[in-house]
K.L.:
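Input: one structure, supplied below.
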Protein chains: 2
Amino acid sequence: MEKTDAVAALSALAQEHRLEIYRLLVQAGPGGIPAGEVASALGIAPNTLTFHLDRLRHAGLVSVARQGRSLIYAARYETMTNLLGYLTENCCGGQPGLCEPSAACPPPAKSQSRKRKETVR
Amino acid sequence: MEKTDAVAALSALAQEHRLEIYRLLVQAGPGGIPAGEVASALGIAPNTLTFHLDRLRHAGLVSVARQGRSLIYAARYETMTNLLGYLTENCCGGQPGLCEPSAACPPPAKSQSRKRKETVR
DNA sequence: ACATCATTTCGATTATCGTTGAAATATGGA
DNA sequence: TCCATATTTCAACGATAATCGAAATGATGT
């Protein structure tokens with residue numbers, strides 16, 4: 001993921017309503033939810049919802065598909081996965097050991113067998 | 001992590017300069033970097049940098065400590081860890097199998113993300 | 001005290017954001 | 001066709017964001 005895309009995704013999520021919307025869609029799973037249901041579930045005016053869904057969509061965080069009169073929105077998990085990867089890459093200059101005191105960089109790669117996560121906060 | 005804190009952290013990162021600043025600090029490790037060095041490394045005017053560092057600091061993403069004339073800024077990894085946890089919790093309504101087709105929810109795996117935090121409402 | 005370096009504060013400017021109300025578009029059914 | 005439902009588009013508004021230039025603060029060395 002590029003810096004520009006990361007900023008786009010972060011900006012899209014950096015708003016209370018949009019974060020709620022996204023989380024609702026994430027919890028709903030791949031099947032998605034019609035826009036109206038999102039609106040009533042979160043108490044957002046329909047035109048305002050359109051505005052926010054547009055931003056999430058342009059950031060690649062949700063997809064949309066028509067089904068009858070309804071437009072079904074669903075979370076695009078891949079984008080979140082890429083964003084998380086971007087945020088955690090190059091942690092501590094590639095020396096994860098440095099982050100240890102705070103369990104910072106989630107286990108940098110494949111084998112997550114290395115457990116050393118007794119956070120002391 | 002609460003919704004409000006998540007929005008604060010996401011907002012702080014949702015800006016090109018601040019994302020660069022944060023990533024620079026992450027790569028620098030726990031030792032941190034003086035503000036001036038950040039400014040010259042990224043080509044940001046010092047007063048503008050202060051503005052951005054303030055936002056990162058208020059979001060809990062960086063810490064600051066004086067050392068001589070310099071103010072050393074460092075990434076607070078714990079906040080990022082909490083943010084990532086917030087973003088990936090309750091993925092697909094707690095049924096990670098649903099997300100499978102796109103490797104959505106980072107491997108809900110064994111020891112991670114099974115901590116009882118607050119209830120999602 | 002003075003001069004210098006590092007960083008912050010202040011004031012102003014321009015742009016973008018989130019919301020609203022009203023009107024428009026698209027789909028499906030009588 | 002006409003009507004109801006579902007969602008979007010448009011125009012406007014106040015609020016906040018990001019940047020700049022100039023001045024102020026704080027720390028250090030002489």
Side-chain angles (χ1 to χ4, degrees), chain A residues 3-25 28 31-76, chain B residues 3-25 28 31-76:
Chain A
K3 178 170 57 180
T4 298
D5 303 316
V7 170
L10 289 166
S11 298
L13 294 171
Q15 210 275 339
E16 190 157 335
H17 278 166
R18 287 197 294 271
L19 186 55
E20 287 178 331
I21 293 167
Y22 180 74
R23 282 167 66 84
L24 181 63
L25 293 179
I33 309 181
E37 203 167 311
V38 175
S40 61
L42 301 178
I44 303 175
N47 53 348
T48 299
L49 179 65
T50 295
F51 172 79
H52 290 308
L53 284 173
D54 259 24
R55 307 201 120 238
L56 287 170
R57 190 163 50 81
H58 284 127
L61 284 164
V62 309
S63 61
V64 60
R66 182 174 283 281
Q67 183 177 302
R69 316 182 175 186
S70 298
L71 289 174
I72 311 290
Y73 284 87
R76 294 191 53 191
Chain B
K3 177 172 57 181
T4 298
D5 304 316
V7 170
L10 290 166
S11 298
L13 295 171
Q15 210 276 339
E16 190 157 335
H17 279 166
R18 286 197 295 271
L19 187 54
E20 287 177 332
I21 293 167
Y22 180 76
R23 281 167 67 85
L24 182 62
L25 293 178
I33 308 180
E37 202 167 311
V38 175
S40 62
L42 301 178
I44 303 176
N47 53 350
T48 300
L49 180 66
T50 295
F51 172 79
H52 290 309
L53 283 173
D54 260 24
R55 306 202 121 239
L56 287 169
R57 189 163 50 81
H58 284 127
L61 284 164
V62 310
S63 61
V64 62
R66 181 173 284 280
Q67 182 178 302
R69 316 183 175 185
S70 299
L71 289 174
I72 311 291
Y73 285 86
R76 295 190 53 193

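By convention in this document, chain letters (A, B, ...) are assigned in the order of the sequence lines, proteins followed by strands, and residues within each chain are numbered from 1.
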K.L.:
Find the distance between CG (A/L25) and CZ (A/R76) and round it off to the nearest 0.5 Å.
P.N.:
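Going from the CG atom of A/L25 to the CZ atom of A/R76 covers 13.0 Å.
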
K.L.:
By salt bridge (Lys or Arg N to Asp or Glu O under 4.0 Å), which residues pair with A/D54, not counting sequence neighbours?
P.N.:
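In terms of salt bridge (Lys or Arg N to Asp or Glu O under 4.0 Å), with neighbours along the sequence ignored, A/D54 is linked to A/R57.
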
K.L.:
Given atom NE2 of B/H17 and atom C1' of D/dA17, what is their separation to the nearest angstrom?
P.N.:
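Computing the B/H17:NE2 to D/dA17:C1' distance gives 14 Å.
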
K.L.:
Would A/E37 and A/Y73 count as a side chain to side chain contact (heavy atoms under 4.5 Å, CB included) here? Give the steps.
P.N.:
CA-CA 10 Å; A/E37 203 167 311; A/Y73 284 87; over 6 Å; no

K.L.:
If you compare all heavy atoms of B/S70 against all heavy atoms of B/P34, which two are closest, and at what distance to 0.1 Å?
P.N.:
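Nearest pair, atom of B/S70 first, then B/P34: CB-CB, 3.8 Å.
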
K.L.:
Please state how far atom CD1 in A/I44 lies from atom P in C/dT20, giving the value in whole angstrom units.
P.N.:
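Taking atom P of C/dT20 as the reference, CD1 of A/I44 is at 10 Å.
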
K.L.:
A/I72 has an atom CD1; how far is it from atom P of D/dT8, in whole Å?
P.N.:
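Taking atom P of D/dT8 as the reference, CD1 of A/I72 is at 11 Å.
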
K.L.:
What is the separation between atom CD on B/Q15 and atom C1' on D/dT19, rounded to the nearest whole Å?
P.N.:
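Computing the B/Q15:CD to D/dT19:C1' distance gives 10 Å.
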
K.L.:
Looking at B/R18, does any N or O in its side chain come under 4.0 Å of the phosphate oxygens OP1/OP2 on D/dA18?
P.N.:
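Yes.
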
K.L.:
Given atom CD1 of B/I33 and atom C1' of C/dA6, what is their separation to the nearest angstrom?
P.N.:
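After rounding, the gap between these two atoms is 16 Å.
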
K.L.:
Using atom CG of B/L13 as one end and atom P of D/dA18 as the other, report the distance to the nearest whole Å.
P.N.:
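It works out to 12 Å between those atoms.
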
K.L.:
Which heavy atom in A/Q15 sits nearest to a heavy atom in A/H17, and how many Å separate them?
P.N.:
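Residues A/Q15 and A/H17, closest heavy atoms: OE1-N, 2.9 Å.
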
K.L.:
Measure CG/B/L42 against P/C/dT7 and give the value in whole Å, please.
P.N.:
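Checked: the CG to P distance equals 13 Å.
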
K.L.:
Return the residues of residues 49-65 of chain A meeting this criterion: a heavy atom under 4.0 Å from some atom of DNA chain D. Order them by number, or give none.
P.N.:
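DNA chain D contact set from residues 49-65 of chain A: A/T50.
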
K.L.:
So which protein N/O to nucleotides 27-30 of chain C N/O distances come out below 3.5 Å?
P.N.:
| from | atom 1 | to | atom 2 | distance (Å) |
| --- | --- | --- | --- | --- |
| C/dG28 | O4' | A/R69 | NE | 3.4 |

K.L.:
Short question: side chain of B/R18, backbone of B/A12 - any donor-acceptor pair under 3.5 Å?
P.N.:
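Indeed, once roles are kept as given, a pair shorter than 3.5 Å links the two residues.
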
K.L.:
Roughly how far, to the nearest 0.5 Å, is CZ of B/R55 from OG1 of B/T50?
P.N.:
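Those atoms lie 13.5 Å apart.
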
K.L.:
From A/L49 CG over to A/L42 CG, what is the distance, rounded to the nearest 0.5 angstrom?
P.N.:
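Atom-to-atom, A/L49:CG and A/L42:CG are 8.0 Å apart.
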
K.L.:
Counting any heavy atom closer than 4.0 Å, what does A/T48 reach on the DNA or RNA strands: base, sugar-phosphate only, or nothing?
P.N.:
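Since a base atom lies under 4.0 Å of A/T48, the category is base.
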
K.L.:
Measuring to OP1 and OP2 of D/dT8, would you say a side-chain N or O of A/Y73 lies under 4.0 angstrom away?
P.N.:
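Yes, because at least one side-chain N or O of A/Y73 sits under 4.0 Å from OP1 or OP2 of D/dT8.
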
K.L.:
Calculate the interatomic distance between A/I21 atom CD1 and C/dT19 atom C1'; express it in whole Å.
P.N.:
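Rounded to the whole Å, the gap is 13 Å.
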
K.L.:
Starting at the 5' end of DNA chain C and moving along, which residue's nearest nucleotide shows up first, A/S11 or A/N47?
P.N.:
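Here A/S11 is the residue nearer the 5' end.
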
K.L.:
To the nearest 0.5 angstrom, please state how far the CG atom of B/L56 sits from the CD1 atom of B/I21.
P.N.:
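Atom-to-atom, B/L56:CG and B/I21:CD1 are 6.0 Å apart.
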
